[in-house]
Asks: 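Got a structure here, written out as structure tokens. Questions coming.
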Amino acid sequence: MLSRIYRRQLPTLLHCRRNFSSVARIFQQQEETESVPWFLREKVSSPLSEKEDIKLPVVPEDAPPFINDIIKLIGEEYGLEDLELFDLRFLPEDHQYSSKNQPHSFILIGTGKSEKHLFKAASELRLFIKQTYNILPRLEGVVSSGISPVARRRLLRRGSKGPPSTDNIYGVAPNSWVVCDPKKGEIIIHMLTKERRNELELETLWCEEKDMHKYERKVESDDIGDDIFIGINRSNTFSNQRREFSTTTRLLNLRKTVDNFKNSDKSKVSVEDFKTEFDNKFQTNKDHQMRIEFYKQLHILNPNYIPLSKVTEAIYDKHSNLNFQIDREKEITQDIIYFMNLLMDSPEAKELSTDLIFNELSQFIANITRFSSNYNVLSQKGFLVLLWRLSIKQEKDFIGPKIIDDILVGNKKISELSFNLKVEQPGNRARDVMFLINKFYKGVIPHSFKELILFTYGNTSKWDKFWEEWDSSFGFLNTNQDTNSINKWIRLVTYLAIRNDKTSMIDFLYKYWNNSSSPVESFIESYITQGSKFSSEQEKLVFQSALRHILTQVDSEAQNFSHVHSFVNNLN
């Protein structure tokens, strides 16, 4: 009986004996190791924990030394990987991020191992710059672990109200994208997690066009084995036709479609085919600006192809996309100006009243700035000029400063020009825009803008306002020395000649030719002040031609303008 029990337990006893022997050997090795002083022991480390060499980007020789120090610190001390340094000085001058268009010359981007790694690296970098250079850098996207859950939920609710309604968790979720402005060395530092960096593709913003393919998002392999979601993945990743993932190739193909349409004979091609081809190549999260341009071309060609509302929706789609949130305020002001130009060119808008056009513009500005507060569109170049032009209802021609410029440089001749004016400007809209103009410029309106206002009054036959504007802006109330030259008189006479209004011509010859009793400066006074000569031979010829045309129209002999005739003849 006992022998039977012993045979059953024998394997277990042997196994315990072997384990005991192993444990005994471990303790024996440990005692031998502990008998050796710690400073004489052999260093043993796991291969997985050994520090890997991080490849640092090459720094240009003419870059500030600060940049080299920061790159070594971030790469070697803080352990950020895949460091890339972009030299914005080599980008074309018309590039949005060229060093000519913004204050920084270098962009450094690196990848952290986790959100905690980025938080630690950003905190250490901030402390290093503060202690070493006595500068407090600006950090964005850092969320301290000390923030309360209530405050975090408040931030998330606030962020969910504004565009875009995408995965934009910048500055709210844990530190997946941290931006540091050291305020030194003309550099901005971006630190991201690997997933966030792949998602945003920030490198495509700063690289040269020839290097765009290096930073395109890689396509995942379609070999997904026994994944139960194989059907869903395949339908989301692949379409019936192979999708073009290369940014450069896609842009070139879209541009080719647009150029082919622009150069084609519109009477013989199918516009719908071009639109279908473009929409098939368009990607929802990219190429917005090119789509807006293409839709605008189709709209101007025929609003039935693309109505104004469709072009407006394309602009809204652009602002709801994450890729355009990096410099949102700049995009807002640029697109407001773009929309105003669209209203100027749109055949559909030409059929609307001035009040309806202003309603369209105000609705667009309200929608596009709904979640933004730090924009100043009034200071944007051209905004007030376009606003003034939109207050004008113009069905036919418009005589503006550019036509006068073309005549003065010899591109056009007065005798060859004929205009059919049908221009209106509601008084309430003109008054509203003038209020904004005076408020912004504080009475010091640019000379070219004054001239546009003056010609507008002439085109709308508001001659009382025309001469009132002339007196205040170019006459005795004007203090700008640049406009007190003879050039302003040449432009005025040229305008009156091509405007061809007899009443205004007679007013000029009676009141402004040589009226010494009037407080308003006359032409002869300006002519004598300038030494009784013109600035150039071309100006003299244009003035002669314009004045002879005026004298012919007003029947100078009956009006007793013989002294003006004598002046013109003596110019030869």
Asks: Heavy-atom distance under 4.5 Å between the side chains of K184 and I129, does that happen here?
Replies: no
Asks: Applying side chain to side chain contact (heavy atoms under 4.5 Å, CB included) to I107 and L202, what does each step give before you reach the verdict?
Replies: CA-CA 10 Å; I107 295 288; L202 295 178; over 6 Å; no
Asks: Checking K402 now: which residues fulfil salt bridge (Lys or Arg N to Asp or Glu O under 4.0 Å) with it, not counting sequence neighbours?
Replies: D406
Asks: Give a yes-or-no answer on whether the side chains of N459 and Y495 include a donor-acceptor pair shorter than 3.5 Å.
Replies: yes
Asks: Quick one: closest heavy-atom pair of G185 and P64, and the distance?
Replies: O-CG, 3.9 Å
Asks: Show the nearest heavy-atom pair for residues I392 and V423, with the distance to one decimal.
Replies: CG2-CG1, 3.2 Å
Asks: Is there side-chain contact between K55 and L83, with at least one heavy-atom pair below 4.5 Å?
Replies: no
Asks: Quick one: does any side-chain atom of K393 pair with a main-chain N or O of L352 as donor and acceptor, under 3.5 Å?
Replies: yes
Asks: Hey, what do you get for CG (L85) to CD1 (I109), rounding to the nearest 0.5 Å?
Replies: 11.5 Å
Asks: With rounding to the nearest 0.5 angstrom, report the CG to CD1 distance, N341 to I336.
Replies: 12.5 Å
Asks: Drop me the distance from I414's CD1 to N500's CG, to the nearest 0.5 angstrom.
Replies: 11.0 Å
Asks: Looking only at heavy atoms, which two atoms of W388 and A430 are closest? And how far apart?
Replies: CZ3-O, 3.9 Å
Asks: Using side chain to side chain donor-acceptor pair (under 3.5 Å) as the criterion, list what pairs up with Q425, not counting sequence neighbours.
Replies: S391
Asks: Run through L342, V311, I315 and flag the one making a side-chain contact (heavy atoms from CB on, under 4.5 Å) with Y295.
Replies: V311
Asks: For atom CD of E424, decide whether the heavy atoms of other residues, nucleotides or ligands shown that lie under 6.0 angstrom number more than 12.
Replies: no
Asks: Run the ring pair (Phe, Tyr, Trp, His ring centres under 6.0 Å) test against F339 and tell me which residues pass, sequence neighbours left out.
Replies: F364
Asks: How would you list, by chain and number, every residue that makes a side chain to side chain donor-acceptor pair (under 3.5 Å) with D405, sequence neighbours excluded?
Replies: R491
Asks: Drop me the distance from T460's OG1 to F398's CZ, to the nearest 0.5 angstrom.
Replies: 8.5 Å
Asks: Given side chain to side chain contact (heavy atoms under 4.5 Å, CB included), test H190 with L108 step by step and report yes or no.
Replies: CA-CA 6 Å; H190 292 260; L108 178 64; over 6 Å; no
Asks: Identify, with sequence neighbours excluded, every residue that meets side chain to side chain donor-acceptor pair (under 3.5 Å) alongside S461.
Replies: R499
Asks: Going by the rule ring pair (Phe, Tyr, Trp, His ring centres under 6.0 Å), which residues pair with F106 if we only count those two or more places apart in sequence or in a different chain?
Replies: none
Asks: Can you list everything that forms a side chain to side chain donor-acceptor pair (under 3.5 Å) with D62? Sequence neighbours excluded, please.
Replies: R89
Asks: Establish, yes or no, whether a centroid distance under 6.0 Å links the rings of W206 and H104.
Replies: no
Asks: Tell me, please, which residues at least two apart from D355 pass side-chain contact (heavy atoms from CB on, under 4.5 Å).
Replies: S353, N428, R429
Asks: Picking from V58, L80, L56, what satisfies side-chain contact (heavy atoms from CB on, under 4.5 Å) with I71?
Replies: L56
Asks: Can a donor-acceptor pair be found, under 3.5 Å and without considering hydrogens, that links the side chain of N198 to the backbone of K194?
Replies: yes
Asks: I'd like to know if the side chain of E451 and the backbone of P401 have a donor-acceptor N/O pair within less than 3.5 Å.
Replies: no
Asks: Does atom NZ (K462) have a neighbourhood of more than 12 heavy atoms from anything else shown, all under 6.0 Å?
Replies: yes
Asks: Determine, for E81 against K113, whether the closest basic-nitrogen to carboxylate-oxygen distance falls under 4.0 angstrom.
Replies: yes
Asks: With heavy-atom distances below 4.5 Å as the criterion, would you say the side chains of N438 and I445 are in contact?
Replies: yes
Asks: Could you work out, with salt bridge (Lys or Arg N to Asp or Glu O under 4.0 Å) as the rule, every residue matching R197, not counting sequence neighbours?
Replies: E203
Asks: Within a strict 4.5 Å, meaning less than it, do heavy atoms of the E195 and S176 side chains meet?
Replies: no
Asks: Please examine the side chains of I365 and L361, heavy atoms only from C-beta on, and report whether any two atoms are closer than 4.5 Å.
Replies: yes
Asks: Any chance you could lay out the side chain to side chain donor-acceptor pair (under 3.5 Å) test for N367 and Q363, step after step, and finish with the verdict?
Replies: CA-CA 6 Å; N367 289 337; Q363 185 63 46; 3.2 Å; yes
Asks: Output all residues satisfying salt bridge (Lys or Arg N to Asp or Glu O under 4.0 Å) with K296, sequence neighbours left out; order by chain, then residue number.
Replies: D345
Asks: Among all residues two or more places apart in sequence or in another chain, which pass the salt bridge (Lys or Arg N to Asp or Glu O under 4.0 Å) test with D501?
Replies: none
Asks: Could you give me the CA-CA distance, side-chain angles and deciding distance for R126 and L136, then say whether side chain to side chain contact (heavy atoms under 4.5 Å, CB included) is met?
Replies: CA-CA 7 Å; R126 182 177 182 273; L136 186 63; 3.3 Å; yes
Asks: How far apart are the closest heavy atoms of V542 and I407, and which atoms are they?
Replies: CG2-O, 3.7 Å
Asks: Work out which heavy atom in A122 is nearest to a heavy atom in V178; give both atom names and the distance.
Replies: CB-CG1, 3.8 Å
Asks: If you define the side chain from C-beta out and look only at heavy atoms, does anything of L125 sit under 4.5 Å from C180?
Replies: yes
Asks: Can you tell me how far apart CG (D181) and CD1 (I188) are? Round to the nearest 0.5 Å.
Replies: 3.5 Å
Asks: Atom NE2 in H299, atom CG in L308: separation rounded to 0.5 Å?
Replies: 4.5 Å
Asks: Closest heavy-atom contact between Q102 and Y97?
Replies: NE2-O, 3.0 Å
Asks: Apply side chain to side chain contact (heavy atoms under 4.5 Å, CB included) to residues I437 and L387 and explain how you reach the verdict.
Replies: CA-CA 10 Å; I437 292 171; L387 196 63; over 6 Å; no
Asks: Name all residues meeting the ring pair (Phe, Tyr, Trp, His ring centres under 6.0 Å) criterion together with F90; count only those two or more places apart in sequence or in a different chain, and write none if there are none.
Replies: none
